[in-house]
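Just below is one structure, and these are the notes that go with it.
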There are 2 protein chains.
Amino acid sequence: MAQAVRHDAMRAGNLALVLGEVSARGSLTRAALAEVTGLTKTTVSKLVADLIETGLVVETGAVRGGERGRPGVEVRIRGDRVAALGLEINVDYLAVRVVDLSRSVRLRRTQAVDNRSAQPVDVIARLRDLALSAVDEAVGNGLRIVGGALAVPGPVDLGSGVVHNAPNLGWRDVPVLSLLDLGLPLHVENEANLAALGELWFGSGPTDFLYVSGEIGIGAGLVVAGSLFRGARGFAGELGHVVVAPDGPPCRCGGQGCLEQYAGQDALLRSTGQAGSVGLMTLVSRVKDQDPEAVAACRQAGWALGVALSSTVNLVDPDTIVLGGVFAPLFPWIDGIVTETLQSRLGQMRLSVPPIVVSRLGFEAAALGAAGQVIERVIADPAALFQPLQPSQPLQPLQP
Amino acid sequence: MAQAVRHDAMRAGNLALVLGEVSARGSLTRAALAEVTGLTKTTVSKLVADLIETGLVVETGAVRGGERGRPGVEVRIRGDRVAALGLEINVDYLAVRVVDLSRSVRLRRTQAVDNRSAQPVDVIARLRDLALSAVDEAVGNGLRIVGGALAVPGPVDLGSGVVHNAPNLGWRDVPVLSLLDLGLPLHVENEANLAALGELWFGSGPTDFLYVSGEIGIGAGLVVAGSLFRGARGFAGELGHVVVAPDGPPCRCGGQGCLEQYAGQDALLRSTGQAGSVGLMTLVSRVKDQDPEAVAACRQAGWALGVALSSTVNLVDPDTIVLGGVFAPLFPWIDGIVTETLQSRLGQMRLSVPPIVVSRLGFEAAALGAAGQVIERVIADPAALFQPLQPSQPLQPLQP
DNA sequence: ATATTTAGTCCACAACGTAGACTAATTGGA
DNA sequence: TCCAATTAGTCTACGTTGTGGACTAAATAT
């Protein structure tokens with residue numbers, strides 16, 4: 001429920017307001033900030049002074065547009081102090097990204113590993129090494145890592161950080177959060193959700209969309225008005241188990257005819273006879289050569305995706321649909337059939353069918369979204385960073 | 001985006017906090033309020049004084065639990081001052097409800113009319129008369145009607161108050177909001193959404209659930225953490241067009257095999273040969289007599305509902321599913337098959353399948369939800385009511 | 001040069017919540 | 001019966017924060 005508003009909360013709110021505007025608009029003078037926030041110049045000056053002192057914001061040189069009057073001094077987000085860690089465990093790679101407060105990517109580490117054949121503990125230990133060395137390097141560059149988030153391909157209990165079931169990895173009930181102790185506030189979440197947030201903050205994208213993550217399973221992350229929809233328990237977005245045909249092939253979820261059985265990576269690659277990223281590359285090259293079998297596989301998957309998405313559009317009303325994961329490289333060959341299917345199934349009811357676009361970030365989306373989530377949190381509540389300034393305590397745990 | 005926090009916003013926030021606690025807990029002493037809100041006794045006393053002066057809250061007699069110390073004076077929501085209007089247009093009736101600030105229903109008016117055979121303007125004119133006489137009576141009883149909301153069976157553009165398409169009524173692009181001018185701030189919304197809110201505030205229910213409204217069309221309202229999920233444009237919840245079978249019977253939406261074609265009122269009543277509420281009553285009595293045709297119709301509908309709900313659960317992760325509308329009287333005969341279908345399709349993936357329960361409110365849900373929404377708004381921002389205290393201006397328009 | 005315009009700071013002030021002393025009203029026990 | 005203990009609620013001095021307008025600073029236009 002709502003919280004008591006005291007003077008400190010008032011200040012924190014206004015601090016976040018100012019920092020949010022600076023973050024959203026790039027750079028602004030104090031006068032412009034006063035205008036957009038509705039606060040007085042006096043108040044804005046004080047708030048900006050605080051933000052400068054904390055190192056979240058810096059003055060740039062004065063900027064002039066040839067207008068009359070005293071030129072204003074613009075301030076912008078300071079990127080060389082605060083940063084966040086974005087991590088991802090996926091089937092055939094581990095990824096680490098460090099993103100600073102201005103949302104620039106400061107460090108990229110990706111390691112190709114076959115995580116399916118390894119034990120969860122070993123995978124996590126390897127990620128831990130990778131992450132710690134990235135943190136070291138970032139700290140060496142003067143950055144302070146205030147927190148991190150980890151993307152995992154499967155539903156996660158947000159409170160405990162336990163991965164219930166990651167079929168791609170073959171994991172069941174792995175307590176990832178407690179195994180991966182980095183001495184930082186950490187947060188574990190579904191890959192599709194974080195990839196959606198990555199698309200929101202680092203992609204070209206709109207602020208309302210459904211991100212579809214095609215892997216062995218198919219997940220989705222729904223962003224409405226710039227924030228993630230998680231459902232009652234945080235397990236929303238399991239697009240892969242939306243029913244395409246009620247008496248279709250059995251699915252590992254216990255159901256039948258789930259989307260995953262038609263458009264999941266395994267179904268797609270059935271025509272190539274190979275699994276994993278090798279198979280995917282083969283499929284892409286075959287489809288480029290207009291191999292009829294491969295093209296048919298794409299059309300079949302695209303049709304099924306269209307059917308499942310028509311249900312989804314009816315239920316959650318997304319503005320745009322962004323295809324990522326394996327659907328990104330195959331986009332040119334599934335785009336048409338998906339749109340067509342959607343159009344024929346929704347066209348009469350809706351004024352407009354949501355446009356289908358391709359993810360720009362590729363496989364980086366989830367790790368970036370993970371780091372971005374921590375950055376977002378700092379920008380949404382910079383005051384939280386003020387208190388632990390004297391001791392070198394990290395940010396308090398990130399709760400969903 | 002966020003708003004600047006000034007002293008008045010701080011006060012407004014705390015006022016809402018206190019009023020919200022009183023509303024949620026029934027009645028509380030100032031000392032107890034200080035404890036639950038985290039504010040000091042001093043502040044709570046001042047806030048409560050304001051609320052009493054505005055007539056939103058009253059002191060009850062002192063209450064004692066046999067404990068030591070000075071007894072506290074409890075305060076509770078005052079129900080005899082502020083009230084809201086809830087309206088509903090449906091196929092065969094018009095409904096008006098007046099609900100006071102303590103969420104007691106003060107006035108019920110229902111009129112049986114066949115709205116399908118009448119022109120939209122006439123239907124709205126008739127509702128207008130009904131509503132105005134209800135307002136008169138309420139005002140005569142000393143109540144001040146601060147706003148209203150209208151439930152319509154079909155998707156509504158929340159901004160303009162235009163009903164795009166209400167198949168049950170045969171309406172297309174009717175500007176309901178501007179036609180129904182009551183001299184009150186008014187708000188038009190989808191029946192399923194408002195029924196869900198009715199269930200939230202007036203039902204037994206939980207705070208996280210999916211309300212399924214079975215009529216000729218099938219709609220749904222999703223409530224997460226006590227608030228309604230509307231999607232990007234407010235058209236979320238069109239459960240009736242979730243795909244049950246991709247090559248099933250054609251649907252008026254342009255698609256094929258939509259849930260509506262299997263479990264909508266028309267599909268259900270096909271066995272009785274009669275339409276409307278008469279047909280429904282016939283079906284219920286036939287199913288009670290274990291008429292095999294009627295039982296089969298229910299099983300068929302229940303199975304389809306289970307299939308569509310399994311997609312829905314995967315996508316939006318509701319905690320509970322509440323069946324309303326035509327599904328309420330038929331509940332005993334569809335309950336089993338829905339749960340069974342859901343269980344077999346979700347059981348392996350999820351720890352628990354959301355329980356299926358029946359709506360308690362019956363056909364009243366939407367009108368109550370409509371009024372409740374206005375009441376909720378007052379409780380969430382009582383300060384908005386303070387300003388127009390001297391002039392007799394109504395509440396500012398209710399924006400979604 | 002001087003008027004005009006815009007940016008940013010300074011200062012007295014108002015709004016609000018806080019802390020703790022103080023008064024009020026009750027129960028338990030000597 | 002009366003007093004200590006306990007809890008409710010009010011009162012007052014005070015701290016924090018935003019405001020409004022005067023004031024200073026730095027540019028352009030004439």
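The sequence lines fix the lettering, A, B, ..., with proteins before strands; numbering per chain opens at 1.
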Query raised in the report: At under 4.0 Å, does any side-chain N or O of A:N14 touch on OP1 or OP2 of D:dG18?
Result: yes
**Report entry** Base of D:dG21 paired with side chain of A:T42 (donor-acceptor, under 3.5 Å)
**Finding:** yes
Query raised in the report: Would you say C:dG17 has OP1 or OP2 under 4.0 Å from some side-chain N or O of B:R11?
Result: yes
**Report entry** Sugar-phosphate only, base, or nothing, as touched by A:V44 at under 4.0 Å among non-hydrogen atoms
**Finding:** nothing
Query raised in the report: For A:R30 and A:G69, take the nucleotide of DNA chain C holding the closest heavy atom to each; which residue's nucleotide lies nearer the 5' end?
Result: A:G69
Query raised in the report: How many Å lie between CG on B:L33 and P on D:dT10, as a whole number?
Result: 12 Å
Query raised in the report: Which residue, A:M10 or B:K41, contacts DNA chain D at a nucleotide closer to its 5' end, judged by nearest heavy atom?
Result: B:K41
**Report entry** Stems formed with participation of DNA chain C [Watson-Crick or G-U wobble, under 3.5 Å, three or more pairs]
**Finding:** C:1-30 with D:1-30
Report task. Indicate, yes or no, whether a donor-acceptor pair under 3.5 Å links the base of C:dA25 to the side chain of B:R70. Result -> no
Report summary line: Residue set satisfying side chain to side chain contact (heavy atoms under 4.5 Å, CB included) with B:S227, at least two apart, ordered chain then number -> none
Query raised in the report: Considering residues at least two apart in sequence or located in another chain, which fulfil the ring-ring contact (aromatic ring centres under 6.0 Å, His included) criterion with B:F229?
Result: A:F229
Report task. Kindly write out the residues that satisfy side chain to side chain contact (heavy atoms under 4.5 Å, CB included) with B:L177, not counting sequence neighbours, or none if the list is empty. Result -> B:L186, B:V188
When the side chains of residues 74-86 of chain A are checked against the rest of the protein, which donor-acceptor pairs come out under 3.5 Å, sequence neighbours left out?
residue	atom	partner	partner atom	Å
A:E74	OE1	A:S27	OG	3.0
A:R78	NE	A:D80	OD1	2.8

Query raised in the report: So, are A:R233 and A:D157 salt-bridged, with charged N and O less than 4.0 Å apart?
Result: no
Query raised in the report: For B:T29, which contact category applies under a 4.0 Å heavy-atom criterion: base, sugar-phosphate, or nothing?
Result: sugar-phosphate
Requested in this report: Would you kindly give the CG-to-P distance between A:D8 and C:dA15, to the nearest whole Å?
Outcome: 21 Å
Query raised in the report: Is the distance from OP1 or OP2 of C:dG8 to the nearest side-chain N or O of A:S45 less than 4.0 Å?
Result: no
Query raised in the report: So which one's nearest nucleotide on DNA chain C is more toward 5', A:K46 or A:V5?
Result: A:K46
Query - N or O in side chain of A:T40 less than 4.0 angstrom from D:dT19 OP1/OP2 - result: yes
Report task. Name all residues meeting the salt bridge (charged side-chain N to carboxylate O under 4.0 Å, His left out) criterion together with B:E59; count only those two or more places apart in sequence or in a different chain, and write none if there are none. Result -> B:R30
Requested in this report: Output yes when at least one side-chain N/O atom of A:R6 is less than 4.0 Å from OP1 or OP2 of C:dT18, else no.
Outcome: yes
Query - Carboxylate-amine/guanidinium proximity below 4.0 Å for A:R360 and A:E199 - result: no
